[in-house]
Amino acid sequence: MKSADTPFVGGPLDGRVLPVLLGLTGHPPKTYRVPVPDAEGGPVTVLVYRRASYGRGGRLGLSQGWRYEFDEGGDSGGHGPRWPWSRPASTAPRTPPEDSGPDAAPGSGGDRTEG
């Protein structure tokens, strides 16, 4: 497996550079979770870091590398793949326009008079 030294920004791992395994595309994972055991034997705390572009370069604007930025919210977002046909959870269902009803026919003028 191939790995790359990836810098961490923010949180307890700020300033550290750790080797991260790369995927098939040569990119590190989008999220990096670090389990931290509690000193008193309590529940494990999970630190969440999100992948961010390190910088853009050249005429094509390709990413020069990746870094991980601390996500204070923890596990916010990223609950699986986002498909183009998926509707966001916060979007209310669409309501039909006011003019459309069972009697409305396409192209009918309604109150239009000849004259």
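Note that this is a predicted model, so its numbers are computed, not measured.
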Does some side-chain heavy atom of [Y] sit less than 4.5 Å from a side-chain heavy atom of [X]?
{"X": "Pro29", "Y": "Trp66", "answer": "no"}
{"X": "Arg67", "Y": "Arg51", "answer": "no"}
{"X": "Val36", "Y": "Leu47", "answer": "yes"}
{"X": "Glu69", "Y": "Tyr49", "answer": "no"}

Legend entry - Result of checking Val20, Val9, Leu13 against Tyr68 for side chain to side chain contact (heavy atoms under 4.5 Å, CB included): Val20
Legend entry - Thr25 side chain vs Gly23 backbone, donor-acceptor pair below 3.5 Å: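 Answer holds: no.
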Inset, instruction - Check Pro7 against Asp5 and note the closest heavy-atom contact, atom names and distance. - result: CD-O, 4.0 Å
Inset, instruction - Grab the two heavy atoms, one from Pro35 and one from Pro37, that are nearest each other, plus how far apart they are. - result: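 So the two residues come closest at O-CD, 3.9 Å.
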Legend entry - Euclidean distance, Thr6 OG1 relative to Leu18 CG, rounded to 0.5 Å: 8.0 Å
Inset, instruction - Hey, could you give me the CG/NZ distance between Leu22 and Lys2, rounded to the nearest 0.5 Å? - result: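 Separation between the atoms: 6.5 Å.
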Inset, instruction - Please check if Val46 and Val34 belong to a single hydrophobic cluster, counting links between Ile, Leu, Val, Met, Phe, Trp and Tyr side chain heavy atoms closer than 4.5 Å. - result: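 Result: no, two separate clusters.
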Inset, instruction - Would you please indicate yes or no on a ring centroid separation below 6.0 angstrom for Phe70 and Phe8? - result: no
